[in-house]
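Every number for a ligand or one of its atoms is a count from 1 in the order of the listing. Model, not experiment: these values are computed from the prediction.
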Amino acid sequence: MFLNEKSIKEDLVTNIIGKKIFFLEKVDSTNTYARKLVQRGFGEGIVVIADHQTKGRGRFGKKWHSPPGTGAWMSVILNPVGSKDSLININYICALSVVEAIYNLTYVKGEIKWPNDILINKKKVGGILSELVKFEDKKEFMIAGIGININQSYDDFPSDLREIATSLKIICGIELVREEIIINILQFLEKYYLLSFENRTDVIFKEWLKWCTTIGKKIRIATSEKYFEGVAESIKPDGKLLLRNSLNEIKEVTPGDIIQVIEYIN
Ligand code: BTN
């Protein structure tokens, strides 16, 4: 079933996020669409929601499987957040909003896997792709792309994703109302977005850390140049992961450099 536009508009209680929402039945990617809107002069708070993405984009240049009638595929246009790296702050805000919205509606505790995957039972249920749009006059906008697998059944995933991806329906055993999840995410997004303008990015990071399950895990990280292996020791507010290797040395890994993170079962 196509998303109920009216119920989202009526039930969303926000001042900024979603002040205008573009509902699309089918689009290549909501992030690409939002980028075009920014270039046409649209700005902060505009949301693009699609029922179906034909070229949904994931991080590391991967495709994001976004079939019709099943998920939340959306992008939000925001102003840069925080005094330093806005991309990392937007990632924190989005991931936090997603896990809190899921918990609020289902009592299921999602996990944030560094740098920004949303997992449940070790499988990916959602992801975030934030992008920066820069104009020549130096004005910048952020596009926060959020994808959540909601009502897919196991067989709806392509075979290469079945063992690594999941949906809220698989986890909860019932179909969920996609509109409710979208509304909840947008409301949490507004809460954390506003908080970030009160110079409270430290609070947001602390909250994010509570949901992040990477610390203490043995992981292998691929960057375009080399592999890093070790135990995740800590994460810095700027998003860098400190990894202790077998020689007891600490290596710092920047989220933007990585192309894959593999967790080992300890
Ligand atoms: C990831 O690789 O984990 C990030 C996935 C992000 C997917 C969302 S779906 C809505 C938005 N539009 C896109 O093309 N990608 C993001």
Side-chain angles (χ1 to χ4, degrees), residues 3 8 17-18 21-38 42 46-78 87-88 90-99 101-102 110-120 122-133 141-152 156-158 160-161 164-168 178-179 181-182 185-186 189 208 211-214 221-223 239 255-263:
L3 281 159
I8 295 181
I17 311 286
I21 306 179
F22 288 81
F23 287 93
L24 310 169
E25 201 172 326
K26 191 156 122 180
V27 71
D28 49 358
S29 149
T30 55
N31 267 34
T32 310
Y33 193 92
R35 179 177 286 271
K36 289 181 192 150
L37 289 178
V38 168
F42 288 92
I46 306 298
V47 176
V48 181
I49 304 175
D51 191 56
H52 178 195
Q53 290 186 122
T54 52
K55 286 187 184 154
R57 295 190 278 116
R59 285 192 336 241
F60 319 133
K62 286 187 187 160
K63 284 188 198 147
W64 183 261
H65 184 62
S66 329
T70 56
W73 324 127
M74 59 185 178
S75 302
V76 185
I77 303 173
L78 298 171
L87 273 176
I88 196 76
I90 295 280
N91 280 340
Y92 289 148
I93 289 173
C94 290
L96 204 47
S97 303
V98 169
V99 287
I102 292 175
E111 300 176 15
I112 301 175
K113 176 179 150 190
W114 182 88
N116 233 3
D117 288 340
I118 315 290
L119 308 187
I120 299 178
K122 311 264 173 265
K123 290 185 173 184
K124 188 148 165 168
V125 73
I128 288 144
L129 179 71
S130 32
E131 297 178 306
L132 177 74
V133 184
F141 285 98
M142 312 301 301
I143 295 172
I146 300 174
I148 316 289
N149 300 324
I150 301 178
N151 283 332
Q152 291 100 321
D156 292 333
F157 288 103
D160 58 324
L161 293 182
I164 52 171
T166 191
S167 72
L168 292 176
R178 285 186 297 156
E179 291 78 359
I181 296 172
I182 290 172
I185 293 174
L186 295 178
L189 202 62
W208 180 92
W211 295 86
C212 175
T213 54
T214 301
I221 296 170
T223 68
D257 292 343
I258 62 170
I259 45 179
Q260 198 184 13
V261 182
I262 304 158
E263 250 175 36

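Near Gly56, meaning under 4.0 Å from any of its heavy atoms, are these atoms of ligand 1: 14 (O). The Gly58 neighbourhood of ligand 1 comprises atoms 1 (C), 2 (O), 4 (C), 5 (C), with distances under 4.0 Å to a heavy atom of that residue. In summary, the atoms of ligand 1 found under 4.0 Å from a heavy atom of Thr30, numbered by their order in the structure, are 10 (C), 11 (C), 12 (N). Which parts of ligand 1 touch Met74 is read off a 4.0 Å heavy-atom cut-off, strictly below it: atoms 10 (C), 11 (C). Counting the atoms of ligand 1 from 1 in the order shown, those under 4.0 Å from a heavy atom of Gly147 are 8 (C), 9 (S).
One distance of note links OG1 of Thr30 with CD1 of Ile49; it measures 9.5 Å at 0.5 Å rounding. Taking CD1 from Ile150 and CZ from Arg178, the interatomic distance works out to 6.5 Å, rounded to the nearest 0.5 Å. Considering NZ of Lys123 and OG1 of Thr166, their distance stands at 5.5 Å, rounded to 0.5 Å.
Protein heavy atom nearest atom 3 (O) of ligand 1, with residue, atom name and distance: Lys124 NZ, 2.6 Å. Ranking the protein heavy atoms by distance from atom 5 (C) of ligand 1 puts Trp64 CE3, 3.4 Å first. At the top of the distance list for atom 9 (S) of ligand 1, counting protein heavy atoms only, stands Gln53 NE2, 3.3 Å. Scanning the protein heavy atoms around atom 16 (C) of ligand 1, the nearest turns out to be Arg57 O, 3.8 Å.
Side chain of Asn116 to main chain of Ile128: no donor-acceptor pair is present (N/O by atom type, distance under 3.5 Å, no hydrogens or angles). A donor-acceptor pair is defined here as one N or O able to donate and one able to accept, closer than 3.5 Å; no such pair exists between the side chain of Ser29 and the backbone of Arg57.
For atom 1 (C) of ligand 1, the nearest non-hydrogen atom from the set Arg59, Lys62, His65, Lys63 comes from Arg59.
The aromatic rings of Phe42 and Phe22 sit perpendicular to each other, their planes meeting at more than 60°, with 30° as the lower class boundary.
Cys94 has its side chain out of reach of Val76: every pair of non-hydrogen atoms, C-beta onward, lies at least 4.5 Å apart. Side chains of Ile93 and Leu189 form a contact here, defined as non-hydrogen atoms less than 4.5 Å apart.
Contact annotation: for Thr32 versus ligand 1, there are no heavy atoms closer than 4.0 Å. Contacts between Asn116 and ligand 1 below 4.0 angstrom, taking non-hydrogen atoms only, are absent altogether.
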